[in-house]
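What follows is a single structure, written as structure tokens, with notes after it.
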Protein chains: 2
Amino acid sequence: MKLLPERTIERLSKYRRVLQRELDNGTDHIYSHELAKLLHITPVQVRRDIMLIGHTGTLRKGYGIENLIKLIGEIIDCSSSEQNVAIIGIGKLGQALLEYLNSSNTRLNLSAVFDNNPDKIGDSFGGTLCHNIDNLKKIIIRENITIGILTVPPEYAKEISARMVDAGILGIMNYTPVSLKLDHAFLEEYDVITSLEKVAYFAKPRHAEFL
Amino acid sequence: MKLLPERTIERLSKYRRVLQRELDNGTDHIYSHELAKLLHITPVQVRRDIMLIGHTGTLRKGYGIENLIKLIGEIIDCSSSEQNVAIIGIGKLGQALLEYLNSSNTRLNLSAVFDNNPDKIGDSFGGTLCHNIDNLKKIIIRENITIGILTVPPEYAKEISARMVDAGILGIMNYTPVSLKLDHAFLEEYDVITSLEKVAYFAKPRHAEFL
DNA sequence: AATGTTATGTGATTTTTATAACAGTTGTTA
DNA sequence: TAACAACTGTTATAAAAATCACATAACATT
Ligand SMILES: NC(=O)c1ccc[n+]([C@@H]2O[C@H](COP(=O)([O-])OP(=O)(O)OC[C@H]3O[C@@H](n4cnc5c(N)ncnc54)[C@H](O)[C@@H]3O)[C@@H](O)[C@H]2O)c1
Ligand SMILES: NC(=O)c1ccc[n+]([C@@H]2O[C@H](COP(=O)([O-])OP(=O)(O)OC[C@H]3O[C@@H](n4cnc5c(N)ncnc54)[C@H](O)[C@@H]3O)[C@@H](O)[C@H]2O)c1
């Protein structure tokens with residue numbers, strides 16, 4: 001099976017959520033231009049993405065929302081086994097993310113949390129037990145965790161990411177400002193400072209484009 | 001003046017921080033392949049970015065770190081006036097970001113925080129006063145704030161972003177999962193769920209590429 | 001039935017971004 | 001001093017992503 005473009009996957013994730021909202025509102029079909037408007041992108045982009053995943057709409061009625069949501073689910077979520085997630089480093093950011101994930105209705109389920117602070121180990125965070133980082137591999141294997149959210153202090157990022165991959169993690173979402181390199185696992189990084197400085201660069205009177 | 005590519009700006013932000021670390025360690029020059037290695041990108045990419053901003057390295061010695069940092073600063077930071085930032089919605093995420101920004105050494109300075117919760121208004125968050133959202137425009141003008149970090153509940157995102165732009169904000173970093181559209185202001189959006197679902201898609205045994 | 005309208009689906013093209021290839025320069029070594 | 005090695009700077013090329021342009025289909029209207 002051919003891998004879909006990264007940007008298409010990103011949009012599929014967004015499509016699914018706005019489609020779910022529409023479905024909850026009682027809508028059963030949607031036009032490409034309607035979906036496009038909800039996300040402020042072009043209708044062609046929507047049609048192309050939907051074409052790529054092999055869904056086909058009805059002319060004059062648009063796309064069947066329920067089927068489309070189901071198909072996106074088959075692509076993003078694991079069809080066979082569930083995809084279990086762990087948060088490594090349950091500090092300020094880790095806890096904010098944990099609560100956010102628990103309140104969202106993504107299919108990913110948070111199975112474990114890790115920290116090295118004795119005060120946190122053994123505690124429950126939003127219903128999820130915090131394990132000792134020393135037991136990382138054991139728990140990851142036992143709970144069949146494939147995705148890790150890395151929110152430890154920067155100085156530990158490299159070492160712990162390697163241990164995560166060694167334990168069998170297949171993908172890491174890295175929120176530390178340290179650039180990582182993984183062998184044989186998918187890596188996604190997000191850097192807050194970079195985003196803000198990018199806004200700072202473009203949000204200047206001299207860059208008249210947006211003003 | 002020609003606008004630089006978005007991706008180049010993103011990398012410049014990262015270059016600056018690792019360069020600062022190197023400078024603090026006593027290094028005064030760096031080769032493109034060394035800088036590349038620190039960020040896990042290619043040396044060509046580094047050289048191209050540096051070429052685009054008009055810095056020129058010394059053959060056999062590499063790039064002068066101090067000059068390079070200064071030049072990146074002139075590009076990203078506002079040279080004339082300072083760039084002041086506000087956080088709108090000082091909840092879980094807003095507070096985590098605030099502490100993170102305060103502890104980082106970015107040039108952007110956090111000037112104000114806004115909320116609509118009476119318990120928070122008037123309080124200090126990491127040394128920054130929380131204002132009533134009703135005074136948004138007044139304070140933004142008074143403090144000359146040009147950049148806003150939006151972390152309010154999703155249902156308020158659209159309305160408040162419009163008010164921010166109306167108040168004179170030139171760029172918004174939107175962390176709500178609601179897709180926005182601004183008139184005459186730069187917009188950057190980050191969606192946690194999208195990132196995670198992207199990792200979920202690529203972190204599957206069937207996508208052997210990374211395994 | 002002919003015509004107009006408004007969708008989808010997709011090949012062609014453009015734009016953006018990254019990589020490859022290499023010319024030119026400086027110092028080193030034999 | 002000639003050959004070599006190791007850098008930078010930049011043009012050319014490729015790859016990824018977005019957009020354009022339009023063929024085609026379904027339905028409404030006359
Ligand atoms: N707070 C933010 O908004 C924010 C934003 C972007 C990036 N970050 C990055 O995210 C990471 C976490 O930030 P934070 O603000 O939550 O910091 P924090 O100090 O509040 O949390 C870090 C957590 O990691 C734990 N920890 C430390 N060493 C560990 C180890 N070896 N193994 C396991 N757990 C360990 C600590 O006990 C703590 O609970 C940092 O790298 C930070 O740079 C934070
Ligand atoms: N927590 C996370 O990790 C996370 C991650 C990604 C995105 N988000 C998004 O970021 C936003 C904030 O998330 P959170 O977890 O911090 O929520 P939160 O409820 O903890 O914080 C929201 C804050 O906004 C304030 N607020 C509400 N209405 C307001 C208004 N009209 N004007 C000004 N302030 C107002 C509230 O008083 C509160 O302080 C949400 O849109 C959420 O979806 C959160």
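Naming convention: chains lettered A, B, ... in sequence-line order (proteins, then strands); numbering from 1 in each chain. Quick caveat, the model's predicted, so the values are computed rather than measured.
Where A:K61 and A:T42 meet DNA chain D, the nucleotide closest to each residue was compared, and A:T42 sits on the side nearer the 5' end. For the pair B:R11 and B:R60, both in contact range of DNA chain C, the more 5′-proximal nearest nucleotide belongs to B:R11. Residue-to-nucleotide proximity on DNA chain D shows that, of B:R48 and B:S32, the 5′-proximal contact is made by B:S32.
Atom C1' of nucleotide C:dA18 and atom CG of B:D49 are separated by 10 Å, given to the nearest angstrom. When the C1' atom of C:dT19 is taken as reference, atom CZ of B:R7 falls 16 Å away, rounded to whole Å. Atom-to-atom, CG of B:L59 to C1' of C:dT26 comes out at 5 Å; the value is rounded to the nearest Å. Following rounding to the nearest Å, A:Y31 (OH) and C:dT5 (P) show an atom-to-atom distance of 17 Å. Atom CZ of B:R47 and atom P of C:dA20 are 12 Å apart (whole Å). C:dT10 atom C1' lies 14 Å from atom CD1 of A:I50, rounded to whole Å. Per the geometry, CD belonging to B:Q45 stands 5 Å off P belonging to C:dA18, to the nearest Å. One can place NE2 of A:H55 at 10 Å from P of C:dT8, the figure rounded to the nearest angstrom.
Between the side chains of A:T194 and B:R17, at least one donor N or O lies within less than 3.5 Å of an accepting N or O. B:Y190 and B:N174 form no side-chain donor-acceptor contact under 3.5 Å, judged by distance and modelled atom types alone. Donor-acceptor pairing under 3.5 Å is lacking for the side chains of A:E143 and A:S111.
The nucleotide range of DNA chain D contacted by chain A, defined by atoms under 4.0 angstrom from heavy atoms of the protein and reported 5' to 3', is D:dA17 to D:dA26.
Within the 3.5 Å criterion, the main-chain N or O of A:E10 finds no donor-acceptor partner in the side chain of A:K14.
Counting non-hydrogen atoms under 4.0 angstrom, A:T8 reaches nothing in the nucleic acid.
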**OP:** Kindly determine whether B:I69 and B:Q20 satisfy side chain to side chain contact (heavy atoms under 4.5 Å, CB included), including the steps that lead there.
**Re:** CA-CA 7 Å; B:I69 288 178; B:Q20 188 61 54; 3.6 Å; yes

Subject >> Full working for salt bridge (charged side-chain N to carboxylate O under 4.0 Å, His left out) between B:R16 and B:D77 >> reply: CA-CA 12 Å; B:R16 172 157 68 169; B:D77 311 322; 2.8 Å; yes

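Here the CD1-CG distance, from B:I139 to B:D134, works out to 11.0 Å after rounding to the nearest 0.5 Å.
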